[in-house]
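These values consider heavy atoms only, across backbone and side chains, with no hydrogens, waters or symmetry-generated copies.
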Number of protein chains: 2
Amino acid sequence: MSTQSVVTAIKVIETISLHQPIGLSDIAKQLDSSKATVLRMLNTLKELNWVAQSESRDAAWSLTIHAYAVTARASIGANIRDVAIGPMNGLQLDTQETVHLCVPDGDALVVVERLDTPHVLRAFLALGTQVPLHASATGLAFLAASTDAYVHEILGGSLEKVSDQTKTQPNSVWQLIKESRERGYSINEEGLSSGITSVGAAIVGSAGTPVGCVSISGPSSRIVAAKFEDYGTAVARTAREISDLLGQPWVRAVIATLSE
Amino acid sequence: MSTQSVVTAIKVIETISLHQPIGLSDIAKQLDSSKATVLRMLNTLKELNWVAQSESRDAAWSLTIHAYAVTARASIGANIRDVAIGPMNGLQLDTQETVHLCVPDGDALVVVERLDTPHVLRAFLALGTQVPLHASATGLAFLAASTDAYVHEILGGSLEKVSDQTKTQPNSVWQLIKESRERGYSINEEGLSSGITSVGAAIVGSAGTPVGCVSISGPSSRIVAAKFEDYGTAVARTAREISDLLGQPWVRAVIATLSE
DNA sequence: CGGGAATGGTTCATTCAGTGAACCGACGGT
DNA sequence: ACCGTCGGTTCACTGAATGAACCATTCCCG
């Protein structure tokens, strides 16, 4: 059904997004589409200023800042992002570690905001990065705040081994989730990336369902077991603050004023 | 020519982006297109998970996080963003004010990164915000680093009055640009928003052309004239650091390691 | 060297996907 | 009860989207 030329156009965009500077033939190959079709899409998108090709000999294509700006200024995440930035800042000052804000996109989380640590040795994820639910502090916190039905749906799927220490056994992950529920915050020791430990907590909407997560991340040499409780309570408090703010409509107006 | 169904699809996306939650008829009206066509686009984009409609009675449409994630993880800005984050952090620590990173999109700048101040009273722009060249510290810095030909092209266009204090006379703006060139940094006193003063400097690429800008912003009560020079030299130094880093290819690899 | 297999890009006949006017049912205000 | 609006649907027409076959380059490897 429905407008397959638009479908291929969007798929072209998503393919470029995943493979950064990429050539015409490669895109056509990935989409199982003819080069002619793909090229017409690219030219149209170029006219619209959504893609550009490098002027070097390979003529590879990439997305433009314009495409980013269009999607960045809208999107549901904008609201939670603006509301969350205050409490996140406090958390960053308290812990001096990198703070991440993630929101769900399909069966994964996406990083939509980040505050950095002043430390030279640091951990951070680029904005827009996809984070798996089973292999991150934010993901575990999100699952801990989700229904058992959803958790088991995720655990029943394929649990990708992201780092050496990623737990890929449903039982092991389930154990981490149970612990997170008891504690009120989640801990992920090097499951997303070797050498990085994170502590996270879920932000819940008015309906009680999780709408996002915050976490702090740093090298395992600094985020040691002795600090888990301090960091965990701080993260959980921050998540609760954001949750509370989301429930109060007037916040939107105040933030709007400050950001003008 | 070229694939006008894709053109309308993208225009639908851009229209939604500008008007946040918006109804079917409004979109059709803005695009001078039939509701049937627009609705088919919306349904296609919905299947692709780029737009969603509120489940409330008005059934308004908005962009999804997925759309944001797709464009955020790619885009030219990603490189400069990752490179800039280090020096920006230093600047934030030194000045304790909000730090913005902007890159050009057409004849405007777009905010692609921000580091917040710990102060309660603060100034910030949402990521993805369009910033006019003539009415912002970043824009003035960008123009100061641009060719006279380009500056006059911009000054010859319409200079929108963004705030009460926005300078809309080409001569006045030209004066600000000249001062910025002499100083090495730009100052914008409440031209973008009443009560907010910013200091900015341009990041230049290997070809010597400006590729972006950094700035610090805060309430005019804190960013006072006596501090302009200190802040200005700090901002200029940061911009130079980023410029230098951009010239050194190896940095890319280091950042990639840290961000994993 | 020199051929072969990539690459980016073009052409063109076939056909099917995209188009908008007219339409429907449901709200919401007067 | 009316009118105007909303979101969404129907349908006949047609021109826009498609991919196989086609260049012109470049680059690699024997």
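- One finds no side-chain N or O of A:S34 lying less than 4.0 angstrom from the OP1 or OP2 phosphate oxygen of D:dT18.
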Is there a side-chain hydrogen bond (donor to acceptor under 3.5 Å, both in side chains) between A:T71 and B:T71? Walk through the geometry before answering.
CA-CA 7 Å; A:T71 58; B:T71 58; 2.5 Å; yes
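- Contact annotation: B:S33 reaches the phosphate of C:dG20 (side-chain N/O to OP1 or OP2, under 4.0 Å).
- Protein atom CG of A:D32 is 10 Å distant from nucleotide atom P of D:dA20, rounded to whole Å.
- The backbone N or O of A:I13 lies less than 3.5 Å from no partner atom in the side chain of A:S17, so there is not a single donor-acceptor pair.
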Heteroatom pairs (N/O) under 3.5 angstrom, protein to nucleotides 5-11 of chain C:
residue, atom, partner, partner atom, Å
C:dT7, OP1, A:K29, NZ, 3.2
C:dG8, OP1, A:L24, N, 2.9
C:dG8, OP2, A:S25, N, 2.8
C:dG8, OP2, A:S25, OG, 2.4
C:dG8, N7, A:K35, NZ, 3.2
C:dG8, O6, A:K35, NZ, 3.4
C:dG9, O6, A:K35, NZ, 3.0

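- Between B:Y68 and A:Y68, the angle of the ring planes lies from 30° to 60°, which puts this pair in the tilted group.
- Between A:S5 and A:M41 there is a side-chain heavy-atom pair separated by less than 4.5 Å.
- The backbone N or O of A:A52 lies less than 3.5 Å from no partner atom in the side chain of A:K46, so there is not a single donor-acceptor pair.
- OP1 or OP2 of C:dG18 has not a single side-chain nitrogen or oxygen of B:T37 nearer than 4.0 Å.
- Between A:W50 and B:W50, the angle of the ring planes lies from 30° to 60°, which puts this pair in the tilted group.
- Whole-Å rounding puts the B:R40 CZ to D:dG7 P distance at 18 Å.
- Taken over five-pair windows at either terminus, the axes of the helix from C:dC1-D:dG30 to C:dT30-D:dA1 are inclined to one another by 40° (rounded to 10 degrees).
- Put simply, the side chain of A:I27 reaches to within 4.5 Å of the side chain of A:V12, judged on heavy atoms.
- Inter-residue side-chain proximity for A:Q130 and A:D105 is flagged as met; some heavy-atom pair is nearer than 4.5 Å.
- Computed from coordinates, the B:M41 CE to D:dG8 P distance equals 16 Å when rounded to whole Å.
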